[in-house]
Number of protein chains: 2
Amino acid sequence: MATDLEIARAATLLPIGEIAARAGIPDDALIPYGKTKAKIDLGFAVAGGAKRGKLVLVTGISPTPAGEGKTTTTIGLGDALNALGTRTMICLREPSLGPCFGVKGGATGGGRAQVAPMEDINLHFTGDFHAITSANNLAAAMLDNHLYWGNELGIDPRRVTWRRAMDMNDRNLRNMVLGLGGAAQGVPREDGFDITVASEVMAVFCLAKDLPDLQARLGRMILATTRDGRSVTAADIKADGAMAALLRDALAPNLVQTLEGSPALVHGGPFANIAHGCNSVVATRLGLSLADVVVTEAGFGADLGAEKFLDIKCRSAGLAPDACVIVATIRALKMHGGVAKADLGREDVAALKAGMVNLVRHVENMGKFGLPVVVALNAFTTDTPAEVAVVQQAMAALGAEAVLCTHWADGAAGAAELARAVQRRLAAGEARFHPLYDIRLPLAEKLDVIAREIYHAAEVQMPPAVAARLQRFEEQGFREVPVCVAKTQYSFSADATKLGAPSGHVLPVREVRLSAGAGFVVAVCGEIMTMPGLPRRPAAEGIGLDAEGRIDGLF
Amino acid sequence: MATDLEIARAATLLPIGEIAARAGIPDDALIPYGKTKAKIDLGFAVAGGAKRGKLVLVTGISPTPAGEGKTTTTIGLGDALNALGTRTMICLREPSLGPCFGVKGGATGGGRAQVAPMEDINLHFTGDFHAITSANNLAAAMLDNHLYWGNELGIDPRRVTWRRAMDMNDRNLRNMVLGLGGAAQGVPREDGFDITVASEVMAVFCLAKDLPDLQARLGRMILATTRDGRSVTAADIKADGAMAALLRDALAPNLVQTLEGSPALVHGGPFANIAHGCNSVVATRLGLSLADVVVTEAGFGADLGAEKFLDIKCRSAGLAPDACVIVATIRALKMHGGVAKADLGREDVAALKAGMVNLVRHVENMGKFGLPVVVALNAFTTDTPAEVAVVQQAMAALGAEAVLCTHWADGAAGAAELARAVQRRLAAGEARFHPLYDIRLPLAEKLDVIAREIYHAAEVQMPPAVAARLQRFEEQGFREVPVCVAKTQYSFSADATKLGAPSGHVLPVREVRLSAGAGFVVAVCGEIMTMPGLPRRPAAEGIGLDAEGRIDGLF
């Protein structure tokens, strides 16, 4: 069987101008980056036409090491819809360089459901993440420079909350003392680097509607606190203009194609823990103005990714999704039912039935947002007919069709049935989308609604100091903002080992952070990783150029 | 009078395909990045045709705060040669982001002698510097990861010489202790960031002939020393392949245009102190295969920039320049004659005559490489006819024509006379280029030749430990490499305050470093700055977007 890389290399890509024409993008709005990538002129992108498309979110069950294939399914579904004659745009996140060099694997789909050119998208692409890194670090440099030249604003160097960023997995950068070497070399203080996707600049970039909104959000970002407790923003140190200048070109969405020639907008990629984990508002809106259907994805499982997509991104951007696809695999559901990864190759109907609770709860949860659900059962060769029947019967009982998909092996044809199921849901017009909670609720109550309704927790616990901090955010004017939960993606609870569908647990909030530019409060539940490390044998060791100068080792 | 920015914005740029066609680049070798920038396919660039062009180096007198205009003159001369019907390619360095946000000013020329699009070239351009930053920092992350996972190679964490990089002026990153926070967070050690242009990756990138040479040079770079004194290279930690993959697309040269429609390759930009300070070998060679004349520039004054261009780049790449243009201004020469900057507006023939020693020595020095010289006297409105006559008469006495140029105000027409002078020198075929020293000399003797012949120093002094280190480099197999001197650019001596043409001084070598990938030994004379800081009022504070989304404040 051909590998992902072989399939990608065997594909003949169309000139990007042809893809743009198919998508309804006029030639003068196309800014080519090479022959098979382009940016779409930002003026054209934000002017948009009237929204014409329906919005389909692809989300998943709680992730397991067995793999689910959310990106692959997003691509396969988009290809299948296009093949059926529904003009469809795929909207994805840009991959981060860090994971490419860490654990083996790019983020451009797989098999016959890939976006291309794979190497470009996985590495520098059109430079958006580099622009975000630069903007983040310019603010840091200007802040430290302000401290160095007399600190007119009275910033407390111990209370600088702004961290530097790098698009790299590099644990040695997590905690440092910098500014060492004497009076001419800066101001000594504690600092650290986050991976670029965890930067608030990334979240702001993905939520901004246009350039003025981008600059306003950048200006509102809080970098530090003064000795007398006032917040110091990027605007206070006059960094917002130059940051916006650095991000100007990046804000134009990127157009690429799938191996089957569907247009795909791949733009933005915020972390799904400390931020909201979905592609840019600019790209999604552009897609909706051009296509009849936009298929997009959100990070992690539906409890985290879809909830944030719906409560943060859709609310902020005024988007109303029309349907939701939940991706599951029989292998992963068996893990939720207690099977170890090594034993997934054997039929195990009992374990599968036990693990179905995870999928069932995600399906029910999506109903709480008023969304019709289709389950995409991403096929593996080890799946048995009896196992497939278990999933389909359980879903039918919930009124949610489960469709077996083989787009990894078969491309669009393998997702045709899924596409028809989605079409039926869209045609039925069943969606009555509403966010989960009223934005006017106090922050703690919003968190409470998410914990009870989505995680099935019995209660939220937070130390008095954390509760007081939430109170202070509200006094500062940040009451009517959504809450972005940072917790493990592996469980509905805050305990990564509790698979299936735990209930009655406690959600412990360790810390809260205000992302004033992005416009949300982050509730940190448990450990939060904002700078990954490399494994003992990083994928980077196997990456290199072959004799023809092609890049090996990215898959 | 129109500002640089107004002139740049008023210009109508041609589609980059048209510029490529003028330059003789076939359409299928053009990789567009937007409408007015492109990369040239690396296969086409390195295959080249036979060298057909003559190579003209633009260099300068010792720089002063009065400004000389080397880049502007390189562009003006290229435009003028093209206007006269000589098919000319301009080869420039890419600007660094750091200085853009620090002291006001981009690096794309000025007045009517600019390359465009100015904002793009000054900011992210085609992402080359970001790729170099990523490659540099991937090596650092892999090295620290090696330490973290057991340190099989036995690296001494105190002897890691590889520093991280960022394309930013940020003094707080110069010296740090990272890897803090406990056993799971890395290995604590001292580290620091250099600005990207000071990274050895940048030097390697600019000296590499093609991808295999790039990867081989990356692999040879020394990152650290083991406890028992062995060098640890990038190949030892298996970082070279992934670094080459990150740099693959960047190695393709960038094509842009001048405001008058001349083609310009803007590619690479190593620091002129710790590295050799000129654009990429790939771009220069491509230019020579396409054009009848290539005009290029080197950093700092001719004592540093031209010397390294000739002894390092030309030697390594097998290039033989045909003529040399030395840029001078009457203002700067008066500063070399003792006039303060505030008093430069007044005629002062005596001071000018005194300052001429600086120009005279640079002209004589270039003769030591067998190169004919033309002096470009870059006109200012305050220059008087008597002053111009002083320069022209002194140069005529040396057999070196001095030509008054007004390309800043007049574009190509203002450099037409300069272009004709260069044409005459090229037609006369007077160049008998040879490097200054025999590469087989011991390292200390090579340094001695540069110090005596170029700087007119009486002697080179180095502590015994430094001399022993040079000896050790030779034992390691790095004897037949050139020496890259890092010293102040403001004086022929190591003392920045000694303007004019000091003689008989001592050149103190404080430290020597081996750049095994770039293929040279750096002799550090005096302070060396590899991470600049921002000024009290950084230019970044004035940079921003105007109502039409254009970038203000970059000039």
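Values reported hereafter were calculated over all heavy atoms of this structure, with side chains retained and with hydrogens, waters and symmetry mates removed. In what follows, chains are A, B, ... by sequence order, proteins preceding strands, each numbered from 1.
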So does A/Leu30 get a backbone contact from the side chain of B/Lys35, meaning a donor-acceptor N/O pair under 3.5 Å?
yes

Select one option (side chain, backbone, both, neither) describing which atoms of A/Leu97 are under 4.5 Å from chain B's heavy atoms.
side chain

Would you find a donor on one side and an acceptor on the other, under 3.5 Å apart, between the side chain of B/Trp149 and the backbone of A/Arg537?
no

Hey, which of B/Glu190, B/Met166, B/Met243 has the most heavy atom pairs under 4.5 Å with chain A?
B/Met166

With a 4.5 angstrom heavy-atom cut-off, is it the side chain or the backbone of B/Leu123 that approaches chain A, or both, or neither?
side chain

Check the surroundings of atom CG in B/Asp27: do more than 12 heavy atoms from other residues, nucleotides or ligands lie under 6.0 Å from it?
no

If we define contacts as heavy-atom pairs under 4.5 Å, which of A/Ile237, A/Ile543, A/Asp210 has the most with chain B?
A/Ile543

In terms of heavy-atom proximity below 4.5 Å to chain B, should A/Phe101 be classed as side chain, backbone, both, or neither?
side chain

Under 4.5 Å from a heavy atom of chain B, the part of A/Pro188 involved
neither

Below 4.5 Å, heavy-atom pairs only: which of B/Gly43, B/Pro538, B/Gly544 has the largest tally toward chain A?
B/Gly544

For A/Leu246, is it the side chain, the backbone, both or neither that has a heavy atom under 4.5 Å from a heavy atom of chain B?
both

Just so I understand: if I count every heavy-atom pair under 4.5 Å between each of B/Lys37, B/Arg164, B/Glu119 and chain A, which residue has the most?
B/Arg164

Please determine, by modelled atom types, if B/Arg174 and A/Gln185 share a side-chain donor-acceptor pair under 3.5 angstrom.
yes

Contact origin within A/Asp249 toward chain B - heavy atom pairs under 4.5 Å
side chain

For B/Val187, does its backbone N or O pair with a side-chain atom of A/Asn172 as donor and acceptor, under 3.5 Å?
yes

Based on non-hydrogen pairs under 4.5 Å, which of A/Ala250, A/Ala239, A/Gly98, A/Pro535 is most in contact with chain B?
A/Pro535

If you count heavy-atom pairs within less than 4.5 Å of chain B, which of A/Asn169, A/Leu534, A/Asp191, A/Asp144 leads?
A/Leu534

Give the member of A/Ile551, A/Leu211, A/Thr126 that has the highest number of heavy-atom pairs under 4.5 Å with chain B.
A/Ile551

Looking at B/Gly34, B/Gly181, B/Gly186, B/Gly127, which one has more heavy-atom pairs under 4.5 Å with chain A than the rest?
B/Gly34

Do B/Asn175 and A/Leu178 come within less than 4.5 Å of each other through their side chains, counting heavy atoms only?
no

Which bit of A/Leu173 comes within less than 4.5 Å of chain B, counting heavy atoms only: side chain, backbone, both or neither?
side chain

A/Asp28, part contacting chain B, at a heavy-atom distance under 4.5 Å:
backbone

Atom of A/Arg171, atom of B/Ala184 and distance for their closest heavy-atom approach
CD-O, 3.7 Å

Could you pull out all donor-acceptor pairs under 3.5 Å where a side-chain atom in residues 212-219 of chain B meets a protein atom, sequence neighbours excluded?
| unit_1 | atom_1 | unit_2 | atom_2 | d |
| --- | --- | --- | --- | --- |
| B/Asp213 | OD1 | B/Arg217 | NE | 3.3 |
| B/Asp213 | OD2 | B/Lys209 | N | 2.9 |
| B/Asp213 | OD2 | B/Arg217 | NE | 3.2 |
| B/Arg217 | NH1 | B/Gly517 | O | 3.2 |
| B/Arg217 | NH1 | B/Ala518 | O | 2.8 |

Determine whether a donor-acceptor pair (N or O, by modelled atom type, separation under 3.5 Å) exists between the side chain of A/Asn145 and the backbone of B/Gly533.
no

Contacting moiety of B/Ala38, where chain A heavy atoms sit under 4.5 Å
neither

Please flag which part of A/Ala540 lies under 4.5 Å from any non-hydrogen atom of chain B: side chain, backbone, both or neither.
both

Could you give the distance from CD1 (B/Ile31) to OH (A/Tyr33), rounded to the nearest 0.5 Å?
14.0 Å

So how far is it from B/Leu545 CG to A/Leu247 CG, rounded to the nearest 0.5 Å?
9.0 Å

Are the charged groups of B/Glu548 and A/Arg248 less than 4.0 angstrom apart, N to O?
no

Let me know if A/Asp120 has heavy atoms under 4.5 Å from chain B in its side chain, its backbone, both or neither.
side chain

Quick check on the interface: out of A/Lys238, A/Arg536, A/Glu541, who has the most heavy-atom pairs with chain B under 4.5 Å?
A/Arg536

Which answer fits B/Met142, side chain, backbone, both or neither, if we ask what part of it has an atom under 4.5 Å from a heavy atom of chain A?
both

Chain A heavy atoms under 4.5 Å from B/Ala244: which part of the residue, side chain, backbone, both or neither?
both

Only distances under 3.5 Å count here; give the side-chain donor-acceptor pairs of residues 129-141 of chain A to other protein atoms, sequence neighbours excluded, each with its distance to 0.1 Å.
| unit_1 | atom_1 | unit_2 | atom_2 | d |
| --- | --- | --- | --- | --- |
| A/His130 | NE2 | A/His124 | ND1 | 2.9 |
| A/Thr133 | OG1 | A/Phe129 | O | 2.8 |
| A/Thr133 | OG1 | A/Thr196 | OG1 | 2.7 |
| A/Ser134 | OG | A/His130 | O | 3.1 |
| A/Asn136 | OD1 | A/Ser199 | OG | 3.0 |
| A/Asn136 | ND2 | A/Arg163 | O | 3.1 |
| A/Asn137 | OD1 | A/Ala165 | N | 2.8 |
| A/Asn137 | ND2 | A/Thr133 | O | 3.3 |
| A/Asn137 | ND2 | A/Ala165 | O | 2.9 |

